[in-house]
Amino acid sequence: MKEMYNVSASPHVRSGVTTAGIMRDVVIALAPACIFGIYWFGLSALLVLLASVASSVVFEYLWRLVAKKPKVPYECSAIVTGLLIGMNMPSSIPLWIPVVASAFAIIVVKEMFGGLGQNFMNPALGARCFVMLCFTGRMTAYVVEKAESSHLWYGAASIDGITSPTPLGALKNLEAGASVSSAVSLKDMFFGFTGGVIGETSTIAILIGAAYLLFRKVISLRIPVAYIATFAVFALLFGGRGFDPEYLACELCGGGLMLGAWFMATDYVTSPITKTGQIVFGILLGIMTGIIRIASNSSEGVSYSIIFCNLLVPVIERYTMPRAFGVLRKKKEGGAAK
Amino acid sequence: MKKGTFKGGVHPYEGKEISMNKPTAQLLPKGDLVYPMSQHIGAPAKPIVSVGDHVLMGQTIAEAGGFVSSPIAASVSGTVKAIQPTLTVSGAIVDAIVIENDNQYERAPGVGEKRDYTKLSKQEIRDIIRDAGIVGMGGAGFPTFIKLTPKNEDAIDYIIVNGSECEPYLTSDYRMMLEEGEKLVDGLKIILRLFDNAKGIIAIEDNKPLAIEKISELVAKEERIEVKTVRTKYPEGSERQLIFACTGRKINSSMLPADAGVVVNNVDTVISIHMAVAECTPLIRRIVTVSGDAIMNPQNFSVKTGTRYSEVLEAAGGFKVRPKKLISGGTMMGLSLFDVDIPVTKTSSALLAFENDPADIVPEGPCIRCGRCVEACPENLIPQMLMSAAEKFDDASFEAVSGMECMECGSCTFVCPAGRRLTQALKQTRRSILDNRKKK
């Protein structure tokens with residue numbers, strides 16, 4: 001027989017970027033915040049992260065086994081989901097809660113809706129909200145006891161201990177006349193020496209990771225900048241403190257805003273694919289977070305805002321379809337309705 | 001001057017250095033020459049010779065089969081051996097004239113004589129271009145005389161020569177600009193004679209500084225011609241993107257460049273126009289890049305149309321290693337070949353051979369909606385949505401998300417991290433929609 005060569009449709013080259021490569025980049029970008037979390041909250045935090053990552057990977061494997069899913073190249077997405085779940089837990093959490101959260105994220109939110117790429121809601125945030133509703137007390141146990149020893153286990157935070165509520169809670173309870181600095185320290189919030197979940201406290205660590213993702217072109221500025229800018233405007237207008245840069249900076253550094261804006265809202269699967277849609281998505285997130293943080297009893301709003309706006313994605317995409325190159329805007333046909 | 005460009009696009013490995021610095025070699029065919037009757041868009045040409053006839057080099061052997069069609073000339077002298085169905089690059093089997101080369105290269109009367117084009121009327125120039133069988137040599141093969149005969153020739157204000165050569169590995173246009181730049185500029189001057197209000201633009205990507213320098217020198221004294229540097233990016237040489245990069249005008253799939261007052265021609269086409277008008281030689285040669293990591297001596301060849309790819313391959317020293325993939329054309333839009341026993345036609349720009357085939361290695365995974373295809377699409381489409389409509393055979397949705405604007409450039413498949421074959425799905429759907437339209 002004559003020699004034959006491969007035949008396939010063009011193009012015959014690929015860029016070399018793979019899904020697993022993207023997931024690896026996200027893990028690298030999350031590393032600074034994780035490392036800070038482990039330093040600050042100790043090996044107990046590391047254990048939480050390990051439990052959530054390992055259980056996510058195991059649940060995904062089991063589901064694929066049971067559902068007889070075809071063996072595809074492993075794309076490491078469960079590692080990212082697991083890591084984000086762990087980062088959204090306080091270090092004092094009993095280890096079975098991250099496992100329950102992982103099961104919910106992987107099986108209910110992700111695989112039951114068709115697996116990677118098909119879930120309509122961010123799996124890590126869906127799981128966080130689920131366990132938050134089920135185990136509110138344990139999920140908000142941010143207090144770190146002052147310890148004389150075992151600082152390795154309880155982290156640097158246990159040297160002095162953290163007794164106050166989270167900075168955002170403190171801000172919320174602040175009396176109208178009192179200055180922001182009387183309740184919280186912006187410097188501590190920026191570097192992360194505050195109470196909160198493992199991965200959210202250090203703004204600088206999150207920003208380093210975000211810069212890496214931007215550099216690697218894994219994410220664009222559209223969603224995070226629209227989100228943070230809108231929230232900032234909202235906080236200035238309705239925060240009740242007028243134009244107070246310190247208050248604004250504390251609101252931006254506090255809670256899950258940075259982690260949410262750079263790592264959760266930018267989740268590919270659950271954010272709009274159209275460029276205009278991404279900006280609209282960011283703006284809606286900013287408004288939602290503002291409403292929840294300022295107008296509701298809760299001081300936290302990022303998780304709920306993101307999963308709420310995840311649901312709006314199909315609608316946003318529908319109304320933000322770009323016009324194809326060279327296609328003119330359709331003239332409104334007035335006579336069409338007759 | 002500001003470099004022209006467009007939104008979107010990708011940066012595949014260029015691979016130009018492999019063949020760009022070697023001069024073009026002449027290749028004289030040894031075996032029979034095969035001339036498929038479909039080397040262009042439109043009706044196939046009709047043979048006007050019969051088996052046993054003796055033909056001369058430059059003699060027309062097939063006439064245009066309709067208005068949108070193009071005649072074909074013999075590239076050697078010899079005897080018509082057969083008229084038979086032959087496999088072509090696209091995989092289609094079409095009728096072809098087979099000529100046995102007598103190795104005399106005896107010219108038909110008048111072929112190769114110098115002609116003063118300044119004494120020709122516009123109609124004469126157009127007739128010469130039509131009868132010389134000149135078609136768009138960038139790939140599409142649209143008959144050039146039709147492009148040069150728009151409804152309103154006064155409305156044409158730019159003639160763009162596409163020297164961007166954005167396809168990876170291809171260097172034939174580059175070599176031509178360096179080696180036959182004078183003919184290129186002269187060819188453009190011939191076209192400008194047809195359009196009184198037009199300016200000529202020679203667009204060259206900024207990865208070809210020597211060509212920019214050379215052509216700029218040649219046009220320094222030409223008032224109506226300028227060189228436009230465009231950014232190196234794929235698909236800069238796509239007609240719609242190039243028009244935008246040079247003039248800022250946008251056209252869509254249902255418009256012709258003439259609707260934006262522009263005519264675009266490829267470098268090799270313009271040189272062929274010069275050869276037809278000023279040297280009385282029809283389109284019988286083609287510059288072919290032979291390149292890729294499996295080729296022994298990558299180089300450009302001036303090939304007589306009808307020569308088999310196997311002979312071109314031999315001239316380049318054959319294979320260094322056993323290739324997995326052979327491509328006619330560039331790596332982004334070229335067609336893969338399963339066999340090398342296929343004739344070089346007017347639109348064959350390259351023969352590439354690769355040791356490895358990404359299409360063979362890259363597995364397909366689920367879409368994660370990362371939006372890289374959206375960033376890459378030069379047509380400002382959402383390839384992910386087109387793909388999901390295509391997978392459901394939902395033609396209505398496909399058209400609703402502007403699927404017919406896709407020009408199949410391959411950028412979306414190139415960037416897809418999940419290895420999804422978007423371009424392939426979009427191609428299939430577009431073909432089936434176009435076929436259904438024809439049936440109605």
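Only this structure's heavy atoms are used, side chains among them; waters, hydrogens and symmetry mates stay out. Reminder, nothing fancy here: chain letters follow the sequence lines and each chain counts from 1.
If you measure heavy-atom distances from B:Leu326 to chain A, the contacts under 4.5 Å come from both the backbone and the side chain. Within the 4.5 angstrom heavy-atom criterion, atoms from both the backbone and the side chain of B:Cys370 approach chain A. Proximity to chain A (any heavy atom under 4.5 Å) is restricted, for B:Ser402, to the side chain, taken from C-beta onward. In this structure, the portion of B:Leu335 lying under 4.5 Å from any heavy atom of chain A is its backbone and not its side chain. For a residue to count as touching a neighbouring chain, one of its non-hydrogen atoms must lie under 4.5 Å from one of that chain's; by this rule B:Glu379 touches chain A with backbone and side chain alike. B:Lys7 does not touch chain A: none of its heavy atoms, backbone or side chain, sits under 4.5 Å away. For A:Ile273, the parts sitting under 4.5 Å from any heavy atom of chain B are the backbone and the side chain alike. For chain A, no part of B:Cys377 is nearby; none of its heavy atoms comes within less than 4.5 Å. If you measure heavy-atom distances from B:Pro168 to chain A, you find no contacts under 4.5 Å at all. B:Val362 touches chain A through its side chain: at least one heavy atom from C-beta onward sits under 4.5 Å away, while N, CA, C and O do not. Neither the backbone nor the side chain of A:Ser77 comes within contact range of chain B; no heavy atoms are under 4.5 Å apart. Within the 4.5 angstrom heavy-atom criterion, atoms from both the backbone and the side chain of B:Glu375 approach chain A. Only the side chain of B:Ile382 comes within less than 4.5 Å of a heavy atom of chain A; its backbone N, CA, C and O stay farther away.
For the side chain to side chain contact (heavy atoms under 4.5 Å, CB included) test with B:Tyr169, the passing option among B:Ile18, B:Asp293, B:Val290 is B:Ile18; the others fail. For the pairing with A:Ser8, the side chain to side chain donor-acceptor pair (under 3.5 Å) check across B:Arg421, B:Gln424, B:Lys325 returns one residue only, B:Lys325.
Remark: B:Tyr13 OH is packed, more than 12 non-hydrogen atoms of other residues, nucleotides or ligands lying under 6.0 Å away. Other residues, nucleotides and ligands contribute only 12 or fewer heavy atoms inside 6.0 Å of the CZ atom of A:Phe308.
Side-chain N or O atoms of A:Arg64 include none that pairs as donor or acceptor with a backbone N or O of A:Lys69 at under 3.5 Å. Of the possible donor and acceptor atoms, none in the side chain of B:Asp357 sits under 3.5 Å from a partner among the backbone N and O of B:Lys324.
The candidate from B:Gly334, B:Gly91, B:Ala418 with the greatest count of non-hydrogen atom pairs under 4.5 Å with chain A is B:Gly334. Considering only heavy-atom pairs separated by less than 4.5 Å from chain B, the leading option among A:Asn6, A:Asp267, A:Thr270 is A:Asn6. For the options B:Arg240, B:Gln428, B:Met255, heavy-atom pairs under 4.5 Å to chain A are most numerous at B:Arg240.
Counting heavy atoms from C-beta outward, A:Leu116 and A:Glu60 have side chains that stay 4.5 Å or more apart. For the pair B:Gln241 and A:Phe325, the minimum side-chain heavy-atom distance is below 4.5 Å. Between B:Ile160 and B:Thr247 there is a side-chain heavy-atom pair separated by less than 4.5 Å.
The pair A:Glu317-B:Arg369 meets the salt-bridge criterion, since a charged nitrogen lies less than 4.0 angstrom from a carboxylate oxygen.
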